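Treat the numbers as computed from the prediction; the structure is a model and nothing was measured. Atom set for the values below is all heavy atoms of this structure, side chains included, hydrogens, waters and symmetry mates excluded.
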Amino acid sequence: MSDLGSEDAGEAAEGIGEYEGGRDDEGQRHGFGKARLPNGDTYEGEYEHGLRSGQGTYRFKNGALYTGNYLQNKKHGKGVFFYPDGSKYEGDWVDDQRQGYGEYLYANGDTYTGEWANNKRHGQGTYVYKDTGSKYVGCWVNGIQDGPAELVHLNHRFKGRFLNGKPLGRGKFIFDIGCEQHGEYIQPVEEKEEDEEDEPPLPLEPIWKVSEITKLTPWSPHDEELLIPREAAVTEEGEDHPASDAGEEGEERIEEGEGRGEEEVNQDQEDQEITDFGG
């Protein structure tokens, strides 16, 4: 077991540690009470017939802390979890998992505010990258950017669809100077050498192909009924058109993938905290 401690371990030994508080007719912990567990964790809050239920605060011996609602020893309802590295989740819990609506402040200063399911970012949400000020506003599936979304930067934004964390299909860059660059992200196909047939192909970044530069238009990725990735080959209609400086800047910026690597690191952090603390 991790040396960071676990409520599961504390729960198993809770009846053995020190306790001061109310009890029911059968001698089980009931009402308000304070408990010190053999592993060094403490709990102060409400019990129902021997189980943590209601409002309470659970302190891990390493400094992590959860304060909020419990139901039968599980985090359930509204609650805040402070992690030892300085990160914090505040929002809804269901059966010991982040589920519903909540905000996660990461150790590097990034934030995610939106919907959760099974401890993952899932549904509609906004992820803000502290270092650049950029933000992703859109859909998530099991912790991954997936669906209609906007990627907003300092002086321009991209509006389109994402698939498995990458932009793919039709979209447009919108620039503050009042113009748009329309185009399509195409997934390239890696050509294998004859002696590389047994090696798995390396994932390639989607390529942005410009179709036209226009004034501001009302097009949105929600207008698309289906996301149908196109083949890597570019038709005559999809060939690059001469672009303004603003259009070229948009193509360069999105290929840099500002901040998305940090988001993946923070996803790993979430997964580790689930292992260490159960939430």
Side-chain angles (χ1 to χ4, degrees), residues 1-17 19 21-22 24 26 28-85 87-106 111-127 139-147 266-279:
M1 176 169 295
S2 167
D3 60 359
L4 294 177
S6 165
E7 277 180 288
D8 292 337
E11 177 183 319
E14 191 158 358
I16 305 174
Y19 175 73
D24 61 15
E26 297 180 357
Q28 295 180 317
R29 300 174 183 187
H30 190 76
F32 184 83
K34 300 179 181 180
R36 177 175 294 276
L37 286 62
N39 67 354
D41 296 350
T42 64
Y43 173 75
E44 180 175 342
E46 298 175 329
Y47 286 88
E48 287 186 6
H49 306 297
L51 301 177
R52 297 189 298 273
S53 288
Q55 188 73 21
T57 298
Y58 191 105
R59 300 176 185 273
F60 296 84
K61 64 180 180 180
N62 71 328
L65 180 148
Y66 170 79
T67 181
N69 287 310
Y70 278 93
L71 180 64
Q72 297 183 343
N73 276 348
K74 304 293 186 181
K75 297 183 286 292
H76 193 94
K78 301 289 185 181
V80 186
F81 205 125
F82 299 88
Y83 297 94
D85 62 1
S87 58
K88 180 183 76 169
Y89 171 79
E90 180 174 4
D92 297 327
W93 298 82
V94 175
D95 195 24
D96 245 2
Q97 295 185 320
R98 296 187 291 270
Q99 184 147 325
Y101 187 88
E103 178 176 355
Y104 204 121
L105 170 63
Y106 297 91
T111 61
Y112 170 80
T113 305
E115 296 175 308
W116 296 79
N118 301 319
N119 278 325
K120 301 285 189 181
R121 302 186 287 266
H122 188 87
Q124 192 73 19
T126 298
Y127 190 103
C139 294
W140 300 76
V141 176
N142 294 324
I144 300 174
Q145 298 167 346
D146 199 306
N266 286 334
Q267 178 67 60
D268 293 338
Q269 173 189 321
E270 287 177 27
D271 294 341
Q272 184 61 46
E273 287 166 349
I274 292 168
T275 301
D276 293 336
F277 301 101

Q.
For the residue pair H76 / N69, report whether a side-chain donor-acceptor contact shorter than 3.5 Å exists.
A. no

Q) Looking at K61, R36, K34, which hits side chain to side chain contact (heavy atoms under 4.5 Å, CB included) with T42? A) R36

**Q.** Side chains of Q28 and L51 in contact at under 4.5 Å (non-hydrogen atoms)
**A.** no

Q | Atom pair SG (C139) and CD (Q124), whose distance is rounded to the nearest 0.5 Å | A | 4.5 Å

Q.
Using only atom types and a distance under 3.5 Å, with no angle test, would you say the side chain of Q99 pairs donor to acceptor with the backbone of N118?
A. yes

Q. Side chains of Q72 and R52: do they bring a donor and an acceptor to under 3.5 Å?
A. no

Q: If the plane angle is over 60° it's perpendicular, under 30° parallel, otherwise tilted; pick one for Y127 and W140.
A: tilted

Q | Pair K78 + D92, salt bridge at N-O below 4.0 Å | A | yes

Q: Kindly give the heavy-atom pair with the smallest separation between A35 and Y47, and that separation in Å.
A: CB-OH, 3.4 Å

Q) Can you say whether the rings of Y43 and Y70 are parallel (under 30°), tilted (30 to 60°) or perpendicular (over 60°)? A) perpendicular

**Q.** Closest non-hydrogen atom pair, E115 against Y101
**A.** N-CD1, 4.3 Å

Q. Can you check whether N119's main-chain N or O pairs, donor with acceptor, with R98's side chain at less than 3.5 Å?
A. yes

Q) Does a side chain donor of either N266 or Y112 reach within less than 3.5 Å of an acceptor in the other side chain? A) no

(Q) For a quick test of reading the model, state the closest non-hydrogen atom pair linking Y106 to R121 and the distance between them. (A) OH-NH1, 2.6 Å

**Q.** For K88, all residues meeting salt bridge (Lys or Arg N to Asp or Glu O under 4.0 Å), sequence neighbours excluded
**A.** E90

(Q) Does any part of the side chain of Y58, heavy atoms only, come nearer than 4.5 Å to the side chain of D41, both counted from C-beta? (A) yes

Q) Taking atom CH2 of W116 and atom NE2 of H122, what is their separation to the nearest 0.5 Å? A) 12.5 Å

Q. Any idea which heavy atoms bring G143 and K120 closest together, and the distance?
A. N-CB, 3.8 Å

**Q.** Sequence-distant partners of S87, side-chain contact (heavy atoms from CB on, under 4.5 Å), two or more places apart
**A.** Y83, D85, Y104, Q269, E273

Q.
Closer than 4.0 angstrom, basic N to acidic O: yes or no for K75 and D96?
A. yes

Q | Contact check, side chains of E103 and Y89, non-hydrogen atoms, under 4.5 Å | A | no

Q: Locate the shortest heavy-atom distance separating D95 from K74; write the atom from each residue and the value.
A: OD1-CG, 3.6 Å

Q.
Is the distance between the ring centroids of F81 and F60 under 6.0 Å?
A. yes

